[in-house]
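Atoms within each ligand, like the ligands themselves, are counted from 1 in listed order.
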Amino acid sequence: MAFVVTEPCIECKYTDCVDVCPVDCFYEGPNFLVIDPDGCIDCGVCEPECPTSAIVDESNVPAGQEHYVELNARYAKVWPVITAKRDPLPGADRWAEVKEKFAEFKQA
Ligand code: SF4
Ligand code: F3S
């Protein structure tokens, strides 16, 4: 099992999660972060840090967002690791209110 980043992160990237991960297993795309399931030690400390509640246990992914499990695993092998918090994306506070935004997901 691992923790998974889900849809609310898209276009936000607050990165509070990155600061607390003890094993540096977050990877960064243009407008989304993923967790490497092979690196995640399931400690759970990142989950309450996310302002958008985007991080969930793999067994607790909301209905309709199951594809994020595979998406995290896939892009953790492609995107660069991120190890330090940075400013959120411009417009993050506005995008945090948007529920369905997978159409905005950018892989590169
Ligand atoms: Fe990192 Fe722990 Fe979150 Fe996994 S659950 S991504 S190890 S902080
Ligand atoms: Fe994304 Fe939340 Fe981390 S918005 S970057 S999962 S703190």
Fill in: Nearest neighbour in protein (non-hydrogen) for atom 4 (Fe) of ligand 1
C40 SG, 2.3 Å
Worksheet, complete the sentence: Correct closest heavy-atom pair for E104 and N31 would be O-ND2, 2.7 Å
Worksheet item: For ligand 2, which atoms, with element, lie under 4.0 Å from some heavy atom of P51?
Response: 7 (S)
Item to complete: Mind listing the closest non-hydrogen atom pair of F32 and L71 along with its distance?
Response: CE2-CD2, 3.5 Å
Worksheet item: What atoms in ligand 2 come closer than 4.0 Å to a heavy atom of D16?
Response: 7 (S)
Worksheet entry | Residues K85, E49: salt bridge by 4.0 Å N-O rule | no
Worksheet item: Can you tell me which residue and heavy atom of the protein come closest to atom 2 (Fe) of ligand 2, and the distance to 0.1 Å?
Response: C50 SG, 2.3 Å
Discussion item. Taking a cutoff of less than 4.0 Å between a non-hydrogen atom of the residue and any ligand atom, is E49 in contact with ligand 2?
Written reply: no
Discussion item. Tell me the contacting part of C25 for ligand 1: side chain, backbone, both, or neither, using a 4.0 Å heavy-atom threshold, strictly below.
Written reply: side chain
Discussion item. Regarding D87 and Y14, do their side chains bring together a donor and an acceptor under 3.5 Å, going by distance alone?
Written reply: no
Item to complete: Kindly check if the number of other-residue, nucleotide or ligand heavy atoms within 6.0 Å of CZ (R86) is above 12?
Response: no
Worksheet entry | Distance, nearest 0.5 Å, that separates CD1 of I10 from CZ of F102 | 6.5 Å
Discussion item. Any salt bridge linking K99 with E7? Criterion: basic side-chain nitrogen under 4.0 Å from a carboxylate oxygen.
Written reply: no
Practice prompt. Under 4.0 Å from a heavy atom of T52: give me the atoms of ligand 2 that qualify, with their elements.
Written response: 4 (S)
Worksheet item: Considering only heavy atoms, does P22 approach ligand 1 within less than 4.0 Å through its side chain, its backbone, both, or neither?
Response: side chain
Worksheet entry | Heavy atom of the protein closest to atom 5 (S) of ligand 2 (residue, atom name, distance) | T15 N, 3.2 Å
Worksheet, complete the sentence: Per-atom filter on ligand 2: closer than 4.0 angstrom to a heavy atom of L33 are 5 (S)
Discussion item. Return the CZ to CG distance between F26 and L33, rounded to the nearest 0.5 Å.
Written reply: 6.5 Å
Fill in: Test of ring centre spacing under 6.0 Å for F105 and Y68
no
Worksheet item: Got an N, O or S from C9 under 2.8 Å of atom 2 (Fe) of ligand 2?
Response: no
Item to complete: Check each heavy atom of I41 against ligand 1 and say whether those closer than 4.0 Å belong to the side chain, the backbone, both or neither.
Response: both
Worksheet item: Looking only at protein heavy atoms, which one is nearest to atom 3 (Fe) of ligand 2, and how far off is it?
Response: C17 SG, 2.3 Å
Worksheet item: In ligand 2, which numbered atoms sit nearer than 4.0 Å to a non-hydrogen atom of Y14?
Response: 4 (S), 5 (S)
Worksheet item: Which ligand 2 atoms are under 4.0 Å away from a heavy-atom of I55?
Response: 6 (S)
